[in-house]
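Just so it is clear, the values below take in all heavy atoms, side chains as well, and ignore hydrogens, waters and symmetry mates. Proteins get letters first, then strands, A, B, ... in listed order; numbering begins at 1 in each. Quantities reported herein were computed from a predicted structural model and do not represent experimental measurements.
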Number of protein chains: 2
Amino acid sequence: MTAKKVTIEDVARQAGVGIATVSRAINNAEGISAKTRMRILQTIEELGFVPNTSAQSLKVRLTNQIALAVPDIRNAIIPDISWAVEQAAKAHGYRVVQINTAGNARAELEVVRDIKKLHVDGLIIMPLAYPKALPELIDKAGVPISVINYGKQLDDSLQADVVCLSILEGKLVMDHLQQIGRSRIAYAGTQKDVIEDRYLAYERALNRVDASLVYFGEDFSLQTGIRAADYFHGLAHMPDAVYAVNDMVAIGLVNRFKELGVRVPEDVAVVGVDNNQWTTISSPQISSVSIMGSEVARLAAELLLKRIREQTRGDYEKVQFEPRLIVRESSVSLKRSPMHGS
Amino acid sequence: MTAKKVTIEDVARQAGVGIATVSRAINNAEGISAKTRMRILQTIEELGFVPNTSAQSLKVRLTNQIALAVPDIRNAIIPDISWAVEQAAKAHGYRVVQINTAGNARAELEVVRDIKKLHVDGLIIMPLAYPKALPELIDKAGVPISVINYGKQLDDSLQADVVCLSILEGKLVMDHLQQIGRSRIAYAGTQKDVIEDRYLAYERALNRVDASLVYFGEDFSLQTGIRAADYFHGLAHMPDAVYAVNDMVAIGLVNRFKELGVRVPEDVAVVGVDNNQWTTISSPQISSVSIMGSEVARLAAELLLKRIREQTRGDYEKVQFEPRLIVRESSVSLKRSPMHGS
DNA sequence: TTTCGTTATGTAAAGCTTTAAATATAAGAC
DNA sequence: GTCTTATATTTAAAGCTTTACATAACGAAA
């Protein structure tokens, strides 16, 4: 009933050939006649033989698998990333196994340190915590690594190909909000150092940051957006725009504002980042910055697969994509006549 | 700079001991003095030795990893499942690698057939397509398997532990809709056989199915909901309630209805299934059935880990949880005074 | 000092495959 | 029928670890 552990030797004996011949049959190698191959495949079928992968990759160093380590699978942009990587890998005959680091420093280190245990030929990692020791571990990981960089200025010496999920999204948002005449612009995000660049762009765009207009929540979730809305609503002098660290937070904000009777975009404009599918479902629809998740992920995968194929090291690529702002209902200009007036 | 492939033998030579001793040091085995262990660990550090997992698991059959195969990672319930499995696994010192089958029959077969290549001790699979050959492959997979069953009546003879993502959710929805006085109840889903049970419950609850009130889309996405809303809106005689195969579709429906000027729940009640996080964000908030994804996933993981630990086969568990209907704004009774009247 | 019982360490086999090198077989030329 | 050459097949080594078994070291008891 079960594969009781039938080895290549059993197959060879049964089929009356040598083990090398069986191996050739398995691997579609040449130097074997069509009819013996047939016979062997038949025997394999009968005996229910399945080659032991551990033994195989003990000799052949490749596994035809790559790993993808993502921060928090509950963040709505991850699916796009993972999907794109999967497609690219499949096109090269590769399988993808996904690991969840939960944006946790320890987990990020662990996946790189233990990458060999995963039985993969390479790793695409999208770090969030960026623990100090990461570059060093990447350096001695032993397999090629691609980094999908999410809002952090990285040291150029990193021994990995790096593709950035756009580095300029913050500037785009701030420029836009100022252009449509908003002057009290708030920021809603997680701790300032988690997606550092997005917050730094906020600081840079302003002469002086009003600390009361900055809200740091615990994560990237709807909840954070909801709490931020409560917080801003409680202020003596409300902001007239909010730059949200991502769409999840933006959606939480907008929905809570609605409940509180704050009109979006008339009273407050809201802009998110990531341009996930929910931005168009929310009402009002939410302006956002497309960070080209799919393209970035695909490129990261291609670069990795290329390194695996060519077994090269050094001379690492550092790529970044041009982000695109997509203006929707949640951030209309103040000068236009508002559509949603009561 | 790189791990050039330093083996246990190099370490042994360098430390002036036998390879068995090094092995003992690595695995915290007993029968080694504290000081030699220290010395060896030091040498390992110096040389940057990392044990070859292929060679290891060629001897020891276990890898301390399990695989989780999920249908479409873009479906909003998957994250909960995956999260719960991860937690359970971690508690037992196991790592989880996730595979995306995209609900594709071929991929579902492949992951079971090739499970050995994944270098894992067991598999949790959540099939959608349920291809015919699946039970047979599960039977001879060679590692224990847990099935998370999503809306399909399964053959009891399946050689795997099965935990059902509630089997009665459809009945709950239909009972509820009829109870609040809806008589023209529509169904919006994917093809009837994909999440078979949910549709069958619809049929069972009605004397006669009006074919014009059934909409089958392509997937479980928002898009399907949007198209369904367009379809129903175009009917000469609109339904007064829609039972959506899941929350994604329900949310798509509600939002499109709003755009079309159809009032929810006054004109049409909408109920989804899965109870994902977006149901409470949508406005109106959406009634849904909690299918206990986390609990189900955790149990599936526990059962799998138990089998791995005890190396048992046969006598498989078939468990199902009690679903819970959660009534929100989208399906208020017709008799109550509507809150949202214009 | 000898002997015994423990504990620490080393040796060698086993685990299963791939592959280089050696050998056998078949086909073709003369 | 013999020789050459190309093709098919087999043998044996290598890949790296764990572990059963054998051996060595050590301290304690006699």
Side-chain angles (χ1 to χ4, degrees), chain A residues 3-44 47-65 114-119 121 142-143, chain B residues 3-44 47-65 114-119 121 142-143:
Chain A
K4 245 311 177 239
K5 77 164 130 177
V6 24
T7 80
I8 199 174
E9 202 167 350
D10 299 329
V11 177
R13 190 170 333 111
Q14 178 82 5
V17 299
I19 57 172
T21 312
V22 178
S23 175
R24 291 205 179 78
I26 295 170
N27 300 310
N28 287 317
E30 53 186 21
I32 177 174
S33 71
K35 58 176 176 291
T36 25
R37 160 170 293 138
M38 287 301 277
R39 183 156 45 94
I40 290 173
L41 291 181
Q42 172 115 16
T43 318
I44 286 177
L47 298 185
F49 165 70
V50 27
N52 178 317
T53 25
S54 295
Q56 282 182 316
S57 59
L58 182 56
K59 284 244 56 154
V60 189
R61 318 297 284 222
L62 296 183
T63 63
N64 285 318
Q65 298 178 153
D114 295 352
I115 187 64
K116 284 289 189 57
K117 298 203 179 134
L118 284 183
H119 208 80
D121 302 339
V143 301
Chain B
K4 242 317 175 234
K5 79 162 131 177
V6 24
T7 80
I8 199 174
E9 203 166 350
D10 300 327
V11 177
R13 191 171 331 110
Q14 177 82 4
V17 299
I19 56 172
T21 311
V22 177
S23 176
R24 290 197 183 89
I26 294 169
N27 300 310
N28 285 318
E30 53 185 24
I32 178 175
S33 72
K35 57 178 179 289
T36 26
R37 161 170 293 138
M38 287 300 279
R39 183 155 45 94
I40 290 174
L41 291 182
Q42 173 115 15
T43 319
I44 287 177
L47 299 184
F49 165 70
V50 27
N52 178 316
T53 24
S54 295
Q56 282 181 317
S57 60
L58 182 55
K59 285 244 54 157
V60 189
R61 320 297 284 220
L62 297 182
T63 63
N64 285 319
Q65 297 180 154
D114 295 353
I115 188 64
K116 284 290 189 57
K117 298 201 179 135
L118 284 183
H119 208 78
D121 301 338
V143 300

(Q) Using five pairs at each end of the helix from C:dT1-D:dA30 to C:dC30-D:dG1 to define an axis, what is the angle between those two axes, to 10°? (A) 50°
Please table the atom pairs, donor to acceptor, closer than 3.5 Å between any side-chain atom in residues 53-63 of chain B and protein atoms at least two apart or in another chain.
unit_1, atom_1, unit_2, atom_2, d
B:Thr53, OG1, A:Lys116, O, 2.9
B:Ser54, OG, A:Ser57, OG, 2.9
B:Ser57, OG, A:Ser54, OG, 2.9
B:Ser57, OG, B:Thr53, O, 3.0
B:Thr63, OG1, B:Gln65, N, 3.3
B:Thr63, OG1, B:His119, O, 3.2
B:Thr63, OG1, B:Asp121, OD1, 2.8

Q | Shortest non-hydrogen contact between A:Ala25 and A:Leu41, atoms and distance | A | O-CD2, 4.2 Å
Q. Which nucleotide span of DNA chain C, 5' end to 3' end, has atoms closer than 4.0 Å to non-hydrogen atoms of chain A?
A. C:dC16 to C:dA21
Q | Qualifying residues under side-chain contact (heavy atoms from CB on, under 4.5 Å), relative to B:Ile26, sequence neighbours excluded | A | B:Ile8, B:Val22, B:Ile44, B:Phe49, B:Pro51
Q: Tell me, please, which residues at least two apart from B:Arg39 pass salt bridge (Lys or Arg N to Asp or Glu O under 4.0 Å).
A: none
Q: Could you tell me the separation between the CD1 atom of B:Ile40 and the C1' atom of D:dT18, rounded to a whole number of Å?
A: 15 Å
Q | Set of residues satisfying side-chain contact (heavy atoms from CB on, under 4.5 Å) with respect to B:Asn64, sequence neighbours excluded | A | B:Tyr94
For residues 29-37 of chain B, dump all side-chain donor-acceptor pairs below 3.5 Å to protein atoms at least two apart in sequence or in another chain.
unit_1, atom_1, unit_2, atom_2, d
B:Ser33, OG, B:Thr36, N, 3.4
B:Ser33, OG, B:Thr36, OG1, 2.5
B:Thr36, OG1, B:Ser33, O, 3.0
B:Arg37, NH2, B:Ala29, O, 2.8

Q. Rounded to whole angstroms, how far apart are CG on B:Leu62 and P on D:dT19?
A. 11 Å
(Q) Suppose we screen for side-chain contact (heavy atoms from CB on, under 4.5 Å). Which residues come up paired with B:Gln42, at least two apart in sequence or across chains? (A) B:Glu46
Every protein N/O within reach of nucleotides 22-28 of chain D N/O, cut-off under 3.5 Å:
none

Q | Residues touching DNA chain C, which here means a heavy atom under 4.0 Å, drawn from residues 12-23 of chain A | A | A:Ile19, A:Ala20, A:Ser23
Q | For DNA chain D, the residues among residues 28-37 of chain A that have a non-hydrogen atom under 4.0 Å from it | A | A:Gly31, A:Ile32, A:Ser33, A:Thr36
**Q.** Atom pair CD1 (B:Ile40) and CD (B:Gln14), whose distance is rounded to the nearest 0.5 Å
**A.** 12.0 Å
Q | From B:Leu118 atom CG to A:Leu118 atom CG, the distance as rounded to the nearest 0.5 Å | A | 11.0 Å
